[in-house]
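Along the sequence shown, residues carry numbers from 1.
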Amino acid sequence: MSDTLGGRDADARQVVRDETGFATARRGTGTVVDGAWRGDVTHAVTGTPLEEARVASDAHRASASEPKEARVADDGRRASSSGSPAPCRPGAPGAPAPRRLALLGVLVPAAVLAAWVLATTVGGVPSYRLPSPADVVRAGVDLAATGQLGLYVAISLQRVLIGFVVGSAIGLVVGAVVGLSRVGEALLAPSIAAVRAVPSLAWVPLLILYLGIGEDSKVTLIAIGAAFPVFTTVAGSLRHVDPQLVEAGRAYGLRRVSLFTRVQLPAVLPSLVSGLRLALAQAWLFLVAAELIASSMGLGFLLTESQSNGRVDRIFLAIVLLALLGTLSDTVLNVVQRVALRRWR
């Protein structure tokens with residue numbers, strides 16, 4: 001029921017209580033007949049006719065109360081009519097399942113294996129040029145029976161992990177110095193860029209001369225390869241940390257090391273983990289060059305020895321093992337990345 005604020009003639013003003021119970025001023029032209037308003041009533045603020053405003057309000061409430069699936073379907077119809085693709089949400093009927101996406105990664109290796117089998121069985125390629133997969137498996141079984149295969153894999157894995165840890169730590173420290181200090185950047189960045197351009201095999205004579213032919217020279221070369229990806233990602237990310245985060249940390253009394261470990265380093269955690277994955281891949285690349293340094297064990301030694309003996313099947317075996325170990329280590333680090341980023345978010 002409305003309370004009339006004006007007179008009984010035209011251009012009167014009303015206060016109408018809407019469905020929520022709040023009074024809303026409405027303006028209209030008409031008269032009061034038998035205590036009731038007769039005329040065209042409009043909203044005092046928006047100027048919308050009362051009946052149109054009531055219809056729009058009812059439509060809004062109906063849209064808000066309709067099921068979520070109906071709204072998604074309606075969005076898809078509107079997107080289809082406008083020529084743009086419909087939204088695809090995870091778990092929706094049109095979205096690809098995560099397991100199906102994971103299975104796509106098996107297609108390329110399966111196709112390569114099938115082509116390999118066909119080339120060695122039907123294609124007529126001689127075994128001394130391209131051994132069959134069965135020959136490669138047989139060579140691995142023979143080495144495993146003598147205990148050499150497990151020893152070679154363990155030695156190579158040990159060298160990669162030690163070099164990866166040492167190189168990543170050095171890259172993190174130097175990257176923090178260059179990324180947080182303009183003086184450090186001006187002093188170290190040009191020299192590091194020059195050292196990074198040196199090929200891996202160019203370090204072999206110097207490392208043999210200075211460190212000998214033992215494990216130190218091999219681990220050092222792997223550490224050199226692993227340090228640069230971490231340095232690059234950390235230094236570049238620290239330059240773009242939100243200054244408000246740094247100021248907030250200083251407001252809480254954090255200085256230098258505590259500010260770096262508690263504010264700046266967590267802020268660049270996604271980039272750091274990506275740099276670690278690149279560093280691990282680089283460590284496997286430098287492993288073969290490192291095991292060229294008068295090595296008597298390892299997968300790199302297996303490659304060079306098989307080349308000298310003409311054992312092409314063992315060469316393929318070493319290559320396949322390097323690929324499998326690199327993929328496995330990257331998968332483990334990828335799981336660590338997901339856990340770290342989930343806690344970071």
Closest non-hydrogen atom pair between A279 and V230, with its separation:
CB-CG2, 3.7 Å
Treating S217 as the side-chain partner and G212 as the backbone partner, does any N or O pair qualify as donor plus acceptor under 3.5 Å?
yes
Passes side chain to side chain contact (heavy atoms under 4.5 Å, CB included), L265 versus L272? Steps please.
CA-CA 8 Å; L265 185 59; L272 174 60; 3.9 Å; yes
Can you check whether S274 reaches Q337 side chain to side chain, under 4.5 Å on heavy atoms?
yes
With heavy-atom distances below 4.5 Å as the criterion, would you say the side chains of F260 and V257 are in contact?
no
Would a distance-only check, ignoring hydrogens and angles, find a side-chain to backbone donor-acceptor pair under 3.5 Å from T331 to T327?
yes
Given L207 and K218, is the side chain to side chain contact (heavy atoms under 4.5 Å, CB included) satisfied, shown in steps?
CA-CA 8 Å; L207 293 177; K218 300 176 180 59; over 6 Å; no
Verdict with reasoning, L303 to I319, per side chain to side chain contact (heavy atoms under 4.5 Å, CB included)
CA-CA 8 Å; L303 279 172; I319 293 174; 4.1 Å; yes
Report yes if some heavy atom in the side chain of L278 is under 4.5 Å from a heavy atom in the side chain of F228; otherwise report no.
no
N-O pairing of E185 and R182 below 4.0 Å
no
How about S132 and D135: does a side-chain donor come under 3.5 Å of a side-chain acceptor?
yes
Which value, rounded to the nearest 0.5 Å, describes the distance between L299 atom CG and S306 atom OG?
10.0 Å
Given T121, V136, V125, the one that forms side-chain contact (heavy atoms from CB on, under 4.5 Å) with W116
V136
What residues, two or more places apart in sequence or in another chain, satisfy side chain to side chain donor-acceptor pair (under 3.5 Å) together with R262?
none
Is there a path of hydrophobic side-chain contacts, each under 4.5 Å between heavy atoms of I/L/V/M/F/W/Y residues, joining L324 to V153?
no
Is V195 reachable from I170 through a run of I, L, V, M, F, W or Y residues, each pair having side-chain heavy atoms under 4.5 Å apart?
yes
Looking at every heavy atom in both L302 and A318, which two are closest together, and how far apart are they?
CD2-CB, 3.9 Å
V312 and P131: which non-hydrogen atoms are nearest, and at how many Å?
CG1-CD, 3.6 Å
T120 and P133: which non-hydrogen atoms are nearest, and at how many Å?
OG1-CD, 4.1 Å
Decide yes or no for I222 and I162: does some side-chain heavy atom of the first lie under 4.5 Å from some side-chain heavy atom of the second?
no
Measuring from T232:OG1 to I192:CD1, what's the distance to the nearest 0.5 Å?
8.5 Å
Would you confirm whether the ring centroid of F286 sits within less than 6.0 angstrom of the ring centroid of W203?
no
Would a hydrophobic clustering, with Ile, Leu, Val, Met, Phe, Trp and Tyr connected at side-chain separations under 4.5 Å, put L149 with V320?
no
Would V173 and L269 show up in the same hydrophobic cluster when neighbours are defined by side-chain heavy atoms closer than 4.5 Å?
no
Can you tell me how far apart OG (S168) and CD (Q282) are? Round to the nearest 0.5 Å.
11.0 Å
Counting distance only, does the side-chain N/O of R255 pair as donor-acceptor with the main-chain N or O of R250 below 3.5 Å?
yes
Flag the pair L280 / V160 as yes when at least one side-chain heavy-atom distance between them is below 4.5 Å, and no otherwise.
yes
Going by an N to O cut-off under 4.0 Å, is there a salt bridge joining R159 and E215?
yes
Using side-chain heavy atoms (C-beta onward) and a distance below 4.5 Å, is L276 in contact with F164?
yes
Distance (rounded to the nearest 0.5 Å) between S156 OG and L322 CG
7.0 Å
CD1 (I213) with more than 12 external heavy atoms under 6.0 Å:
no
Specify the closest pair of heavy atoms between Q264 and V246, including all atoms of both residues, with the distance to one decimal.
NE2-CG2, 4.0 Å
Counting C-beta onward and ignoring hydrogens, is there a side-chain heavy-atom pair between L143 and L317 closer than 4.5 Å?
yes
Value for CD1 (I315) from CD (Q307), rounded to nearest 0.5 Å, stands at 6.0 Å
Rounding to 0.5 Å, atoms CG (L180) and CG (L238) come to a distance of 4.5 Å
With a 4.5 Å heavy-atom cut-off, do L157 and W284 have their side chains touching?
yes
F231-V198 co-clustered via ILVMFWY side chain contacts under 4.5 Å
yes
Is the side chain of S181 donor-acceptor paired with the backbone N or O of V178 at a distance under 3.5 Å, no angle test?
no
Grab the two heavy atoms, one from S237 and one from T233, that are nearest each other, plus how far apart they are.
OG-O, 2.8 Å
Answer yes or no: does atom CD of Q148 have more than 12 heavy-atom neighbours from other residues, nucleotides or ligands under 6.0 Å?
yes
